[in-house]
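Accompanying notes for the structure given below.
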2 protein chains.
Amino acid sequence: MSGVLHVLLHMAERREPATSEALAKSMNTNSAVIRRILAGLRDKGFVQSEKGHGGGWTLCCDLTKVSLLDIYAALGSPSLFAIGNRSGSPDCLVEQAVNSALDQAFHDAGHLLLARFSEVTLAMLSANVRNRNRSRSGTTRS
Amino acid sequence: MSGVLHVLLHMAERREPATSEALAKSMNTNSAVIRRILAGLRDKGFVQSEKGHGGGWTLCCDLTKVSLLDIYAALGSPSLFAIGNRSGSPDCLVEQAVNSALDQAFHDAGHLLLARFSEVTLAMLSANVRNRNRSRSGTTRS
DNA sequence: GCCTCATGTAACTTATGATATTACATGACT
DNA sequence: AGTCATGTAATATCATAAGTTACATGAGGC
């Protein structure tokens, strides 16, 4: 998730297509990893890829319309929590009671998290990046 | 977490000390694993251990006073979320912006989750287990 | 005292999933 | 044709959790 957003925002910073190679370099990772990540997003229509000379990846969505929730969904809605439910003995009453209690808590927290995700658009993040850029050059300038 | 609660509730079901061996069996795992888990809880004062004949583990806390949050804390407050923050390039403005946005969402959701944890006591879970037990034998009886 | 039972702990071994790497096929542009 | 870039499968590496083994320590029972 964090990585995907990182890639997308780097793409948003430059209007020209970015190669997997270049994106990989700015994230200290491998080009194949980038391709794998972006392949999923392309299928959902968030980015576009071109082969050959001058090719690479470009954003092809309205940044103001795409929220973190959309990205999360495009990633296949991976499980949010690190604390899983034990599922060794499904007919153990203790296990059922424990899991049902934890499930409720996780359900509520998960909903809130996704709600927060839906409130943040890529455009907001992009603006945030530009702000940071401005304040950084601002401190050195004055 | 789920595993720890499982163990604790099994201990709550029986008044006599339970051996690691017995607990391990009811969870399909190894006695050393149980000992490792419970050793931490003993240091926090939730359980007690006795060696030798008739020894084993016993709960030594008021179930109505101990919440899931207490157990979670006793476990060392492990990270809640599966989606981590990328930390490859700390001075990358994009990474900063992304992480700060995600952090906020995770922070809120984490708080809610812990709040839910604090609302559930071991006694509640134990009562829940007994309820399930009753309704199960109820269905077979009538 | 000696034997057995049980915890206490360290060392080691899987198992699993995420990430990274390599390699090569395909398509596009010059 | 040659180069650049994606597409994708196969493989490898790494980190972490879980399980296993082994043995030391202490507490009864006889």
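- Going from atom OG of Ser77(A) over to atom OH of Tyr72(A) covers 4.5 Å, rounded to the nearest 0.5 Å.
- Residue Thr19(A) places none of its side-chain N or O atoms closer than 4.0 Å to OP1 or OP2 of dC4(D).
- One interatomic measurement links the two molecules: CD of Glu50(A) to P of dA28(C), which rounds to 9 Å at whole-angstrom precision.
- For Leu75(A) and dA18(C), the CG to C1' distance is 13 Å, given to the nearest whole Å.
- In this structure, His6(B) NE2 and Ser26(B) OG are separated by 5.5 Å, a value rounded to the nearest 0.5 Å.
- In this structure, the separation between SG on Cys61(A) and CG on Leu122(A) is 6.0 Å, given to the nearest 0.5 Å.
- The side chain of His53(B) lies closest to dG29(D) when the candidates are dT6(D), dT3(D), dG29(D).
- The CG-C1' distance, from Asp43(B) to dT9(C), rounds to 13 Å in whole Å.
- Annotation for Leu113(B) and Ala109(A): closest pair CB-CB, 3.7 Å, computed over non-hydrogen atoms.
- Between Phe117(A) and Phe106(B), the ring planes lie perpendicular to each other; the angle is over 60°, past the 30° to 60° tilted range.
- Note: CE (Met1(A)) to P (dA18(C)) measures 16 Å, nearest angstrom.
- Interface residues of residues 21-42 of chain B facing DNA chain C, ordered by number: Arg35(B), Arg36(B), Arg42(B); criterion, heavy-atom separation under 4.0 Å.
- Put simply, CD1 on Ile83(B) and OG on Ser2(A) are 10.0 Å apart, with the number rounded to the nearest 0.5 Å.
- Atom pair Trp57(A):CH2 and dC4(D):C1' shows a separation of 15 Å (rounding to whole Å applied).
- Rounded to an integer number of Å, the gap from Lys51(B) NZ to dG29(D) C1' is 18 Å.
- Ser100(B) and Asp103(B) share no donor-acceptor pair across their side chains, judged by distance under 3.5 Å alone.
- At dT6(D), one or more side-chain N or O atoms of Ser20(A) fall inside 4.0 Å of OP1 or OP2 (strictly under the cut-off).
- dT19(C) atom P lies 13 Å from atom CG of Asn85(B), rounded to whole Å.
- Atom CD in Glu16(B) sits about 18 Å away from atom P in dC5(C), given to the nearest Å.
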